Amino acid sequence: MNRYSHPALSFRCLTTVWALLLVLTGITVFVSRLDLGALNIWAALGIATLKASLVVLYFMHLKHEPRLLKLCLFIALLTLASFIGLTFFDVLYR
Amino acid sequence: MTDLPFTTIEAVDAVFLYIFGIAALLLVGITATMVVFVVRYHRRRHPQPQPSPSSKLWLELVWTLIPTLIVLSMFWYSWEGYLKLIDVPPDALKVQAEGRKWSWNFSYENGRSSDRLYVPVGRAVRVAIVSRDVLHSLYIPAFRVKKDAVPGITTYVWFRAPEVGSYDLFCAEYCGVSHSSMVTTVEALPEAQFSAWLEKSKKPSAAGGPALLSRHGCTGCHSLDGSRRVGPSFLGLFGRQTQVLSDGRERTLTANQDYVRRSILQPQADLVQGYPPVMPSYQGQIPPDELQTLVDYLCSEPLSAAPAGP
Amino acid sequence: MAKQNDRGFLQASDRQPLLFDWIFSVDHKRIGLLYLYSVGAFFLAGVALGVLLRLELIAPGPTIATAQTYNALFTLHGVVMIFLFIIPGIPGAFGNLMLPLQIGARDVAFPRLNLLSWWLYILGAFMALTSLFSGGGPPDTGWTFYVPFSSETPTNVSLALLAVFIIGFSSILTGVNFVTTIHRLRAPGMHWGRLPLFVWSLYATAWVQILATPVLGITMVLLMVERLIGLGLFDPGRGGDPILYQHLFWIYSHPAVYIMILPAMGVVSEIIPVFARKPTFGYKAIAASSVAIAAAGSLVWGHHMFVSGMSDTAILVFSLLTFLVAIPSAVKVFNWVATLYRGSISLEPPMLFALAFVFLFSIGGLTGLILGSAATDVHVHDTHFVVGHFHYVMFGGTGFAFFAALHYWLPKVFGRMYNMKAATIAWAIIFVGFNLLYFPMMLVGLHGMPRRYYDYLPQFQQLNVIATAGSWVLAAGLLLMFVNLYRGMRRGAAAGSNPWQAATLEWVLTSPPPAESFSQPPQVTHGPYDLQQAGKP
Amino acid sequence: MTMQRDATAARLGMWLFLFSELLLFGGLFLLYAVYLARYPADFVAGGRQLDLLLGTGNTILLITSSLTVALALSALQQGRRRLCLGLLCATVLASLLFLVNKGVEWQAKFDHGLFPGGARLEETAPGQKVFFGLYFVTTGLHGLHVLIGAALLLWILGLVGSGRVTEQDPVMLENGALYWHLVDLIWIFIFPLYYLLL
């Protein structure tokens, strides 16, 4: 049995992801120069999340990790989201 | 105002009774069951355990659901009570309370201010709470109200004093060395007496050195009788040889008018040895005429002509 | 030769000086003992500080200390007890000692990281102590470090903050270690349904340590930067918001309460079935409620802030969530009591402490309802009622569970038994002293005496005198207990490998356990509470 | 059998540690969210004063270094040790360039008095003071992580070079790479939140 739960990713795959990340960086800079009002921040966050997912799934090999680890990451993100979200019950309604 | 409309005391105490009642029942129930089991199934009487199922779904569901219902009812009832605490009657008298290290100052809409909170009996009072320095908390146990004084924002409580009397008022949020002496009272007066007090003198007499000392909270830390508090006593201040720390250097100076004035405006400039550097600056907090009165008073006969030695 | 083997992992090696043999050991049992000794020492220090505090409060006005000293004393009492005793206490000491044994592992997943955790803990403790004697003198902010007071006070707060940060880091590493260990190193046959409940509770705790502690870390860093260069993130004069500090602080510090109490619940869940000779009632419910408490407990921090000036909407949400977190705790209590049903109960010292835990924790939990309720919290918030309440939870709960664990597991660790009679007497004295100390505190709080008061009005004196007297009784009981345990561990009769006839894996080994506890992972064949199978893996 | 177990455990442990790093920065993102909601105009005004060019440059640097470290791992797994070493060197170089860039940027802010206590910042609205306060703490903490990551990778480079991290046992490199990717991840969020506000 292979000692690693995931195989070595090909150079082609990694560079493709890198190119995508650069393109997304370009897009986010471009979008930020448009005046979308409150949408700007959500667009920026959306693109950043997309970029982050690419890094996590490919560079960090999460795609090939067992489901347990994906679940753990989900729990961590959910915790962070609830910390920020619940705080807003205070700051938005004060 | 004989039949009072509604007080914060009732709002809170009803919730107290409800939760305490249920909590006491639960505690007695749990403890009694435990004791009965321990006695009944003690190894002396009951040397062999008898088999019984190690889980029972219906039982576990019941004792999950019942506490759920109980706590939800508690939540609901307590929220109703809380709503009454934040629902200020529209006719409430408006007072502002300012917390500072380490005293309270209450000011009324007509400009009157005081270090005690005077209120008319039976009438709702809405206290707007602000802080000059750190967190404080306005707490009147008799009326079951409490709210933090937070620098930068204004918070509120309201209450209605049910009877004539004097009620304790505490600072409940830790605020430093004299936290526990940030104590004053709510004086509930009959309506007529209160109005008379409110109109008596809108501004305290300019001549009143002692009044100024208490209004600006000086006596919270500096005694007038030579006893040691957070800061040095005012007794025998004028002309005293004082060891101070100026810019990190030790030196000895003789307390004169300039020194007294400087100590009020820049307390850390010449710090008396042996005392913590905790006094806030009063720059911009005291009108010039009042400052002059204070300095004159502190350097005047009754305080400086003191018996030598502490 | 046989005599040497008796000492198991305690046996000194000839390779290096004895002290190095311990403080650089990567064996989980030795690290566990290092934790046990250090948290024990800090506990005694905390008790001494507490007794001094109570002595000051025996009468209004100055009694034994100045106001500044008193404020430093309660700050120190809080910091020592919370960060140096309760948080690392059960997981650090008994978690390290027992977790690998209970799942049949050779050690934790990262033994060297484990040693690093202890060293960081000691470093943090050392810095906390240094903060007393350097800079502007002992911190006087209370363990909560609320701004703006903490960013202004000239006392040596910055070093204390750094100490807390480092101890937090140690706690995170322990959490990482435990989660990995439980996931990866269970012996064959030790599936999730066979995990001892203590392990379940450590698992839930470890997750809270990993996810909540860093928030405290960043908060301490921000406060340090605030003191250093006046960044203004919490300073209203510069656009900051002091209430946000409280959010960040309690985002960690409320879950921290569950870091403190969950392992304690785990200990009690181990002890009750053994001494009632009955399998735990509702194993799954207890395990699930540990996880539920950890999850829901991370969402209720706002109930520390009902009078802080936080929005009423937030009060509504946090009050509701707080009431919900009471449910899994209640379920646990019911399960423990139900485990006693039709058992054959023997009241040996571990069981006495465990039963006292159930009673005292119930009081702590039920008075917590008063604090979770928005209307009543307004009255009792920041009074001695709160002080009494959390001592019922933290001391009556975690403290008693810690004592239960001492009496339950020390015979395993040292292979010797303490004097049962003395232990029972100590238990009784501690129980009486405890209630004498903390019950009057709750009453005086209901009458309106605020906490952190150096001086108080004369009407509060009677109850304060009772509480202070209680502190002496309690201290005497603790002294007797520790002396008895110490004598037992040194000179007690041999305990045998399984004195309580328990069925979890650690009792399969000799007492003390051998240096290589499970060099070959055992094949686990039964659940943790199949008491008929006691002594078999 | 046990060796394989260790590799997976090490990775799990690293991920758990990364979660706590995430939550560490999470506190700062929480503050950012709250203050952005409170002072949207001031945040935009603050963001405009940051150097978009340097920010974008740094973003590209970090993304590229993330690629090189991922490639380094693949190279090692394929047994191409020399390539792996080269890629690791490139990564460390990129991280140093990033820090230099960051230094230039901070220096410019200091020169303009845009720092806590600085002349120009003290005149601005409270919202901007908060913005720059957060900016310095967040990029400072991130910079510290870059420094730690670079040191870690340098050390691992040594281990690869001396043959202690190998094709058969690449756990250290895997974990070092994971840490480096986290540094990149954090920056991916810092970049739009601070430099791209409009």
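Residue numbers begin at 1 in each chain, while the letters A, B, ... track the order of the sequences. The shown structure was predicted, so the numbers you read here are calculated from the model rather than taken from an experiment.
Contacts between B/Leu85 and chain C at a heavy-atom distance below 4.5 Å involve the side chain alone, from C-beta outward. For a residue to count as touching a neighbouring chain, one of its non-hydrogen atoms must lie under 4.5 Å from one of that chain's; by this rule B/Glu80 does not touch chain C. Heavy-atom distances place no part of C/Asp235 under 4.5 Å from chain B, backbone and side chain included. Both the backbone and the side chain of B/Lys56 have a heavy atom closer than 4.5 Å to some heavy atom of chain C. Contact annotation for C/Ser308: both backbone and side-chain heavy atoms come within less than 4.5 Å of a heavy atom of chain B. Residue C/Phe275 touches chain B through its backbone alone, counting heavy-atom pairs closer than 4.5 Å. Interface remark: B/Val36 contributes no atoms to any contact with chain C (heavy atom separation under 4.5 Å). No part of C/Leu531 comes within reach of chain B, as not one of its non-hydrogen atoms sits under 4.5 angstrom from that chain. Using a 4.5 Å cut-off between heavy atoms, C/Phe306 touches chain B through its backbone atoms (N, CA, C, O) alone. Only the backbone of C/Thr141 comes within less than 4.5 Å of a heavy atom of chain B; no side-chain atom from C-beta onward does. Only the side chain of C/Leu446 comes within contact range of chain B, with heavy atoms under 4.5 Å apart. Contacts between B/Leu59 and chain C at a heavy-atom distance below 4.5 Å involve the side chain alone, from C-beta outward.
Between chain C and the residues B/Ser178, B/Cys171, B/Ser131, the largest count of heavy-atom pairs under 4.5 Å involves B/Cys171. In terms of heavy-atom pairs under 4.5 angstrom with chain B, the leader among C/Val333, C/Thr153, C/Leu347 is C/Leu347. When each of C/Val147, C/Leu355, C/Thr367, C/Asp140 is scored by its heavy-atom pairs under 4.5 Å with chain B, the top score falls to C/Asp140. For the set C/Gly309, C/Ser346, C/Ser150, the count of heavy-atom pairs under 4.5 angstrom toward chain B peaks at C/Ser346. Ranked by non-hydrogen atom pairs under 4.5 Å with chain C, the options B/Ile86, B/Leu83, B/Ile153 are led by B/Ile86. Ranking B/Thr64, B/Ile140, B/Asp13, B/Thr8 against chain C, the residue ahead of the rest is B/Thr64, based on heavy-atom pairs under 4.5 Å. Your options are B/Val38, B/Ile70, B/Asp133, B/Val157, and the one with the most heavy-atom pairs under 4.5 Å with chain C is B/Val38. Options C/Gly365, C/Ser319, C/Ala330 differ in how many heavy-atom pairs under 4.5 Å they form with chain B, and the most are formed by C/Ser319. Contact count versus chain B (heavy atoms, under 4.5 Å) is highest, among C/Ala67, C/Gly282, C/Ala326, for C/Gly282. When each of C/Ile363, C/Leu316, C/Asp455, C/Ile243 is checked for heavy-atom pairs under 4.5 Å with chain B, C/Leu316 comes out on top. Note: B/Val12 leads B/Leu26, B/Thr155, B/Val12 in heavy-atom pairs under 4.5 Å with chain C. The choice from B/Ser181, B/Cys175, B/Gly81 that makes the most heavy-atom pairs within less than 4.5 Å of chain C is B/Cys175.
To the nearest 0.5 Å, atom NE2 of residue B/His42 and atom CG of residue C/Leu340 are 12.0 Å apart. Taking OG from B/Ser180 and CZ from C/Arg451, the interatomic distance works out to 14.5 Å, rounded to the nearest 0.5 Å. Note that the CD1 atom of C/Ile345 and the CZ atom of B/Arg44 stand 12.0 Å from one another [nearest 0.5 Å]. How far CG of C/Leu369 is from CD1 of B/Ile19: 6.5 Å, rounded to the nearest 0.5 Å. To the nearest 0.5 Å, atom CG of residue C/Asp382 and atom CG of residue B/Asp148 are 7.0 Å apart.
Ring orientation note: the planes of B/Phe37 and C/Tyr341 are tilted relative to one another, at an angle of 30° to 60°. A perpendicular orientation is assigned to the rings of B/His179 and C/Tyr453, their planes being inclined by more than 60° (bins at 30° and 60°).
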*asked:* Assess the residue pair C/Arg277 and B/Arg43 against the criterion (side-chain contact (heavy atoms from CB on, under 4.5 Å)); give the C-alpha distance rounded to whole Å, side-chain angles, the decisive distance to 0.1 Å, and a yes or no.
replied: CA-CA 10 Å; C/Arg277 308 308 304 159; B/Arg43 195 161 295 168; 3.2 Å; yes
*side-chain contact (heavy atoms from CB on, under 4.5 Å) evaluation trace for C/His379 with B/Phe16*: CA-CA 10 Å; C/His379 178 57; B/Phe16 253 117; 3.8 Å; yes
_Pair C/Gln246, B/Leu135 - check side-chain contact (heavy atoms from CB on, under 4.5 Å), show working._
CA-CA 11 Å; C/Gln246 298 177 29; B/Leu135 295 178; 3.4 Å; yes
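Side-chain rings of C/Phe281 and B/Trp63 approach one another, their centers coming within less than 6.0 Å. For C/Phe74 and B/Tyr174, the ring centers are positioned less than 6.0 Å apart.
Heavy atoms only, all atoms of each residue included: B/Pro47 and C/Ser344 are closest at O-OG, 3.1 Å. Closest of all the heavy-atom pairs between C/Ser373 and B/Val15 is OG-CG1, 3.8 Å. Between C/Leu366 and B/Ala23, the closest heavy-atom pair is CD1-O, 3.4 Å. Residues C/Ala374 and B/Ser78 come closest through the heavy atom pair N-OG, 3.6 Å. Summarising the geometry of B/Gly152 relative to C/Pro236, their closest heavy-atom pair is CA-CB, 3.8 Å, with the distance given to 0.1 Å. Listed here is the closest heavy atom pair of B/Pro49 and C/Ala276: CB-O, 4.4 Å.
At least one side-chain heavy atom of C/Pro450 sits less than 4.5 Å from a side-chain heavy atom of B/Tyr139. Between B/Val134 and C/Tyr146 there is no side-chain heavy-atom pair separated by less than 4.5 Å. Proximity of C/Phe334 to B/Glu60: side-chain heavy atoms (C-beta onward) are nowhere separated by under 4.5 Å. For the pair B/Leu72/C/Leu320, a side-chain contact is recorded, criterion being any heavy-atom separation below 4.5 Å from C-beta on. By the 4.5 Å heavy-atom criterion applied to side chains, C/Val378 and B/Arg144 are not counted as neighbours. Using a 4.5 Å heavy-atom threshold, the side chains of B/Arg40 and C/Arg342 count as separate.
Between the C/Lys278 side chain and the B/Ser54 main chain, no donor and acceptor come within less than 3.5 Å of each other.
When only modelled atom types and interatomic distance are considered, C/Asp312 and B/Tyr82 share a side-chain donor-acceptor pair under 3.5 Å. Side chains of C/Thr383 and B/Lys146: no donor on one and acceptor on the other come within 3.5 Å.
Just one of B/Val35, B/Thr31, B/Ile30 meets the side-chain contact (heavy atoms from CB on, under 4.5 Å) condition when paired with C/Phe359; it is B/Thr31.
In this structure, C/Phe439 places its CZ atom where only 12 or fewer heavy-atom neighbours from other residues, nucleotides or ligands lie under 6.0 Å away.
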